[in-house]
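Here the structure is a predicted model, which means the values were calculated and not measured. Residue numbers run from 1 in the order of the sequence given.
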Amino acid sequence: KQQLRLEIRQDRVVVPNSTSYLMLPTFVYLFPYRGYRGAYHRILQRITARGRLLPVQKDPLVEAMDYLKIQPGDYNNRPEFKLNPNRSAIEALKEVLEAFRIIMERNIQGACQAEDPEYPHDFLIAARRTQCLLNRYPDVFPEGPLKLIKQDFEWAEKFASPIRDLDIYLSLFDEFASRLDQAHRASLRPLYEYLKDQKAAKQWQMRTALESTRYKKLMENWKSFLARKQARQDLPSSAGHPIREIVAVRIA
């Protein structure tokens with residue numbers, strides 16, 4: 001009678017932007033079946049005593065993250081802000097925009113390499129929120145320096161947006177197909193293949209755009225703009241108003 005399941009695993013940690021990797025130690029996992037906890041403890045004692053296996057002191061995922069110098073919780077695609085309501089509108093909005101810029105920067109590689117649907121998702125959301133703020137508060141930012149930047153953000157979103165839509169279609173495809181009978185399910189296969197082909201084509205277009213000189217120049221100019229302290233005479237009058245006043249008008 002089966003009393004538990006035993007799994008032997010050896011994982012490797014792939015170093016980002018590199019062909020090298022680290023092999024983690026071999027781990028043995030025991031999964032007891034319901035009602036056989038006693039058998040689980042007896043076998044565990046037996047393989048650690050006679051097999052000289054040692055209990056794991058650190059979770060394999062934590063060990064991998066330590067090797068890659070990744071701190072849990074150091075990334076959040078929904079940053080929270082504690083802004084002083086009396087802070088100038090332009091400085092407060094720049095803080096928010098800088099957080100979105102960092103999100104775009106940290107997801108650009110994964111989005112281009114199609115590693116995971118969450119990369120283009122986080123990238124696109126941050127880009128859209130950036131455009132939203134720039135369009136919502138035109139009386140806070142100087143129009144001249146931002147004119148080309150806003151145009152380039154629209155250009156970049158044009159390539160990233162279709163990828164997210166296609167990821168959603170493909171992720172929901174099996175659920176949709178499961179609601180149909182077998183005959184109709186089979187007839188949907190050409191549609192599935194079409195969506196995959198479309199994603200591959202759009203992925204290539206997005207990667208070409210986001211690895212281009214134009215996009216790199218956009219983000220260099222954008223980072224420089226957010227870090228720069230503009231002279232008061234070069235800013236619209238609303239830029240120096242408290243952020244609570246500017247936001248209150250929009251909310252109202």
Side-chain angles (χ1 to χ4, degrees), residues 16 69-112 116-165 206 209-252:
K69 296 181 173 57
I70 297 175
Q71 293 295 322
D74 70 343
Y75 171 75
N76 185 359
N77 63 356
R78 295 182 179 180
E80 297 181 358
F81 305 93
K82 295 182 179 180
L83 302 176
N84 183 337
N86 294 315
R87 193 176 180 187
S88 68
I90 191 168
E91 292 302 323
L93 289 173
K94 276 187 174 184
E95 180 180 334
V96 177
L97 290 167
E98 173 64 9
F100 293 150
R101 186 197 66 79
I102 291 173
I103 291 176
M104 292 176 67
E105 184 179 84
R106 297 189 66 169
N107 285 279
I108 182 78
Q109 181 179 339
C112 288
D116 187 303
E118 291 304 310
Y119 286 108
H121 171 260
D122 286 1
F123 175 88
L124 183 60
I125 292 299
R128 285 176 172 173
R129 288 175 175 170
T130 297
Q131 288 180 271
C132 179
L133 287 176
L134 293 178
N135 293 328
R136 186 67 62 89
Y137 300 100
D139 51 343
V140 172
F141 298 101
E143 181 60 27
L146 282 185
K147 188 174 182 180
L148 288 177
I149 288 177
K150 290 168 69 174
Q151 290 176 357
D152 283 345
F153 267 115
E154 293 174 1
W155 166 80
E157 186 191 341
K158 180 179 68 176
F159 291 99
S161 187
I163 295 294
R164 180 56 184 166
D165 294 340
M206 181 183 74
L210 299 186
E211 290 182 346
S212 68
T213 302
R214 178 176 178 179
Y215 179 78
K216 292 175 183 176
K217 193 67 176 176
L218 159 66
M219 297 313 290
E220 288 173 3
N221 292 338
W222 182 229
K223 183 177 182 179
S224 175
F225 174 82
L226 293 176
R228 190 186 313 134
K229 293 281 187 182
Q230 280 102 352
R232 184 173 294 274
Q233 62 268 21
D234 298 332
L235 296 172
S237 59
S238 298
H241 290 192
I243 186 62
R244 62 177 177 181
E245 293 181 9
I246 302 300
V247 171
V249 171
R250 299 301 178 189
I251 292 175

Just how far is it from atom [atom1] of [X] to atom [atom2] of [Y], taken to the nearest 0.5 Å?
X: Q151; Y: L218; atom1: CD; atom2: CG; answer: 11.0 Å
X: E211; Y: I108; atom1: CD; atom2: CD1; answer: 7.5 Å
X: E98; Y: I103; atom1: CD; atom2: CD1; answer: 10.5 Å
X: F225; Y: L146; atom1: CZ; atom2: CG; answer: 4.0 Å
X: E118; Y: R164; atom1: CD; atom2: CZ; answer: 6.0 Å
X: D152; Y: K217; atom1: CG; atom2: NZ; answer: 11.5 Å

Heavy-atom closest contact ([X] atom, [Y] atom, distance):
X: A126; Y: M104; result: CB-CG, 3.6 Å
X: K94; Y: L226; result: CD-O, 3.5 Å
X: N84; Y: I243; result: O-CG2, 3.5 Å
X: P162; Y: K158; result: CD-O, 3.2 Å
X: S238; Y: A89; result: O-CB, 3.8 Å
X: L124; Y: A160; result: CD1-CB, 3.9 Å

By side-chain contact (heavy atoms from CB on, under 4.5 Å) - contacts of L133 (at least two apart):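 Checked L133 against side-chain contact (heavy atoms from CB on, under 4.5 Å); matches are L93, V96, L97, F100, Y137.
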
Partner residues of E95 under the side-chain contact (heavy atoms from CB on, under 4.5 Å) criterion, sequence neighbours left out: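 So E95 forms a side-chain contact (heavy atoms from CB on, under 4.5 Å) with F81, L83, R87.
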
query: Do I102 and P79 have side chains that get closer than 4.5 Å, going by heavy atoms?
result: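 When only atoms from C-beta onward are counted, P79 and I102 do not touch, as no gap falls below 4.5 Å.
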
Within residues 131-144 or reaching into it, pairs that qualify as salt bridge (charged side-chain N to carboxylate O under 4.0 Å, His left out) - sequence neighbours excluded: D139-R250

- prompt: Would you say S224's side chain and N221's backbone share a donor-acceptor pair under 3.5 angstrom?
  reply: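 No: the side chain of S224 does not pair with the backbone of N221.
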
- prompt: More than 12 foreign heavy atoms under 6.0 Å from OH of Y119: is that the case here?
  reply: no

field: Flag if over 12 foreign heavy atoms under 6.0 Å of CZ, R228
entry: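 Yes, the 6.0 Å shell around CZ holds more than 12 heavy atoms from other groups.
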
- prompt: Should the pair W222 and F153 be assigned to parallel (<30°), tilted (30 to 60°) or perpendicular (>60°) ring geometry?
  reply: perpendicular

message: Is the terminal nitrogen or CZ of R214 (NZ for Lys, CZ for Arg) located under 6.0 angstrom from the six-membered ring centre of W155 and within 45° of that ring's axis?
response: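 Here R214 passes the 6.0 Å and 45° test against W155.
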
field: Ionic contact status for E105 with R101, cut-off 4.0 Å
entry: yes

